[in-house]
Amino acid sequence: MAQTSKNIAIIGSGLVGSLLAIYLRKKGHSVTVFDRRPDIRTIKFSGRSINLAMSNRGWTALRKVGLEDPIKQIAIPLDKRAMHVNDKPVYYQKYGKEGEAIWSISRGILNKRMIDLAEEAGTVFKFDEKVWDVDLPGAKIFTGETEKSEWKEYQFDIIFGCDGAFSRVRHKMQRRSRFNYSQNFIDVGYKELTIPANADGSHKLDANSFHIWPRGEFMLIAMPNIDGSFTCTLFLPFEGKVSFESIKTEEEAKDFFKEYFPNVRMEIEDLTKDFFNHPTSAMVTMKCYPWTYWNKVALVGDSAHAIVPFYGQGMNAGFEDIFVLDQLMDKHGDDWDIIFDEYQKLRKPNADAIAELSYRNFVEMSSKTADPKFLLQKKIEKHFASNHPDKWVPVYSRVTFSDKPYADALAIGDQQEAIMQQVMQLPNIEDKWDSKEVEEMILGLLDDLI
């Protein structure tokens, strides 16, 4: 169903705001994007990023507007985890079936490319323009140099808040009656480091792996870039015996890496300089509802549902928001009341589900991936799934290599975990993990669910 052209504002020029602008331009709308920050294309990207892991949901949204192939040119497929456990050889865990992979992309490079593409589609960008207030019923925004300076007023038909976990648009919505809001910071922060390319431009580690150094309460990860480097992210508690707080000098930083990451410490460029110069950033889960105000304002992406990054789904979930919005625009035409109402009702349960899954995956990545019992459980699951693909799809595959709802992945994953807990209690499970007995037990427990 065709739509009448609207004058639409998007607050936030990040990945979600830029892709939403492209979608709306293709629908024939006039789109202006505001961002309080400078144009990212004109500045050096700061050390505050975790490389993105584009997966099925993200590609689906990009494919709809013809961007899958151009974006794949700046991405690297990763088909496995590379686990670095001290005193053991590196071992690999395949993510999914043959041909299934997540794709590593530099956030800065992708964001610049998306802004370029949105501009080419006819979007107007207003950088260095701070939005201080939003008139929700009037769909007006007010910008200015400071909160106390003279403001400029803009009138729009619709406003989309794509301005992240600490959204100015959502802040205004929070002041309305019956608006539910919560935020929860985890006690772990992160810091970005870099492994440079070899002199010939090649990668120093396997270029098609997501590298993890699990150390219980903390971990290091590394994801490849197309220039041969790796973006590393150190996840570490803020306080405690081994924490950001406890590492105060360059010598302490060197000793920390020497003890816990000996096979990579020499590879990390400017280790101590980056450790102290790059910011230590926090991670938050943010939930709210409703996501819309009348037919005037809607929140999309992190402004509606910020999550911790341990499933690599923050961007993918935001892109899926846009894909669902687009389907609803096709279905309902100019009825923005119904579009917005259905959008939030469809997306809210799935946003809550991926928030829960993302937190659980932090526990799995940092501590369980080095646990022999956990690894055996995963081996049993993979063996059973390969023999019965119609009966068992691992939760990771449901999230990463599927477009099925996150809420389904969470619910089915909980059922599968309950089954596996019973299987792992079998005597001598280590010796008969691939036996007919185990297979028949899982089949029986699955039948009990029906």
Side-chain angles (χ1 to χ4, degrees), residues 15 40-55 58-59 62 67-85 89-95 99-117 190-214 219-235 253-254 257-258 260-279 281 309-310 312 314-316 365 400:
L15 300 168
I40 191 176
R41 296 169 297 181
T42 66
I43 58 174
K44 184 178 184 298
F45 204 65
S46 65
R48 288 181 65 96
S49 176
I50 300 168
N51 265 35
L52 302 163
M54 186 82 74
S55 59
W59 292 124
L62 290 171
L67 298 183
E68 180 181 16
D69 291 338
I71 299 306
K72 279 190 172 175
Q73 292 172 15
I74 57 172
I76 298 175
L78 313 180
D79 63 355
K80 58 192 175 299
R81 289 172 170 173
M83 307 303 302
H84 300 258
V85 179
V90 177
Y91 63 93
Y92 298 92
Q93 300 171 329
K94 280 279 189 180
Y95 274 126
E100 289 182 333
I102 60 174
W103 292 68
S104 175
I105 310 180
S106 159
R107 179 183 294 274
I109 290 173
L110 178 60
N111 204 167
K112 291 173 185 178
R113 186 80 183 100
M114 296 295 289
I115 292 171
D116 284 341
L117 291 164
Y190 71 90
K191 191 181 290 284
E192 184 187 308
L193 303 165
T194 303
I195 295 175
N198 288 316
D200 64 357
S202 60
H203 292 86
K204 289 183 176 173
L205 305 171
D206 183 83
N208 296 109
S209 296
F210 182 101
H211 293 266
I212 307 176
W213 290 259
M219 66 177 172
L220 180 73
I221 66 170
M223 297 180 71
N225 298 307
I226 54 176
D227 65 359
S229 67
F230 281 84
T231 297
C232 303
T233 311
L234 174 65
F235 297 97
K254 287 177 182 176
F257 276 87
K258 186 176 180 180
Y260 294 107
F261 309 107
N263 74 325
V264 78
R265 68 188 174 94
M266 303 304 291
E267 311 293 350
I268 297 178
E269 187 176 47
D270 296 326
L271 171 60
T272 55
K273 187 181 81 171
D274 285 354
F275 190 91
F276 292 103
N277 287 349
H278 285 183
S281 301
F310 302 109
M315 168 191 63
N316 291 287
M365 288 172 68
T400 308

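Note that the numbering runs from 1 along the sequence shown for the chain.
Scored by the salt bridge (Lys or Arg N to Asp or Glu O under 4.0 Å) test, R265 finds no partners at all (sequence neighbours excluded). Every residue two or more places apart in sequence or in another chain was checked for a salt bridge (Lys or Arg N to Asp or Glu O under 4.0 Å) with D227, and none qualifies. Qualifying side-chain hydrogen bond (donor to acceptor under 3.5 Å, both in side chains) partners for S209, counting only residues two or more places apart in sequence or in other chains: K80, D206. Taking the ring pair (Phe, Tyr, Trp, His ring centres under 6.0 Å) definition, one finds that F235 meets it with F310, sequence neighbours left out. Under the ring pair (Phe, Tyr, Trp, His ring centres under 6.0 Å) criterion, Y95 pairs with Y396, not counting sequence neighbours. Considering only residues two or more places apart in sequence or on other chains, A253 meets the side chain to side chain contact (heavy atoms under 4.5 Å, CB included) condition with I247, T272, F275, F276. Applying the salt bridge (Lys or Arg N to Asp or Glu O under 4.0 Å) criterion to D79, with sequence neighbours excluded, gives K94. With sequence neighbours left out, the side-chain hydrogen bond (donor to acceptor under 3.5 Å, both in side chains) criterion links S202 to N198, D200. For N225, the side-chain hydrogen bond (donor to acceptor under 3.5 Å, both in side chains) criterion is met by N51, S229, T231, not counting sequence neighbours. Every ring pair (Phe, Tyr, Trp, His ring centres under 6.0 Å) that H211 has, sequence neighbours left out, goes to H84, F230. Partners of K273 under the salt bridge (Lys or Arg N to Asp or Glu O under 4.0 Å) rule, at least two apart in sequence or in another chain, are D270. Qualifying side-chain hydrogen bond (donor to acceptor under 3.5 Å, both in side chains) partners for K204, counting only residues two or more places apart in sequence or in other chains: none.
Two residues are said to be in side-chain contact when any heavy atoms from C-beta on lie closer than 4.5 Å; I76 and N208 meet this criterion. For the pair L52/W103, no side-chain contact is recorded, criterion being any heavy-atom separation below 4.5 Å from C-beta on. Counting only heavy atoms from C-beta outward, the side chains of M223 and T233 never approach each other to under 4.5 Å. Within the 4.5 Å cutoff, no side-chain heavy atoms of Q73 are placed close to those of I226. Side-chain contact between E192 and Y190 is absent, with no heavy atoms from C-beta onward closer than 4.5 Å. Counting only heavy atoms from C-beta outward, the side chains of F257 and L271 approach each other to under 4.5 Å. Put simply, the side chain of K112 does not reach to within 4.5 Å of the side chain of I74, judged on heavy atoms. W59 places none of its side-chain heavy atoms less than 4.5 Å from the side chain of N316.
Proximity of a side-chain donor or acceptor of T400 to a complementary backbone N or O of S55 within less than 3.5 Å is not detected. A donor-acceptor pair is defined here as one N or O able to donate and one able to accept, closer than 3.5 Å; such a pair exists between the side chain of K191 and the backbone of H278.
Put simply, CD1 on I102 and CG on L78 are 5.0 Å apart, with the number rounded to the nearest 0.5 Å. Between atom CD1 of residue I212 and atom CD1 of residue I221 there is a gap of 7.5 Å, rounded to the nearest 0.5 Å. Note that CZ of F261 and CG of L193 are 9.5 Å apart. Values are rounded to the nearest 0.5 Å.
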M315 and L110: CA distance, side-chain angles, deciding distance, side chain to side chain contact (heavy atoms under 4.5 Å, CB included) verdict
CA-CA 11 Å; M315 168 191 63; L110 178 60; 3.8 Å; yes
Apply side chain to side chain contact (heavy atoms under 4.5 Å, CB included) to the pair K72 and L67, showing each step before the final yes or no.
CA-CA 9 Å; K72 279 190 172 175; L67 298 183; over 6 Å; no
Evaluate the side chain to side chain donor-acceptor pair (under 3.5 Å) criterion for residues N263 and W213: first the C-alpha distance (whole Å), next the side-chain angles of each, then the deciding distance (0.1 Å), finally the verdict.
CA-CA 10 Å; N263 74 325; W213 290 259; 3.0 Å; yes
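Among all heavy-atom pairs drawn from H203 and G228, the shortest one is CD2-O, 3.2 Å. In plain terms, the two heavy atoms of I195 and V264 that are nearest each other are CD1-CG2, 3.5 Å. The two atoms that bring A207 and P224 nearest to each other are O-CG, 3.3 Å, heavy atoms only.
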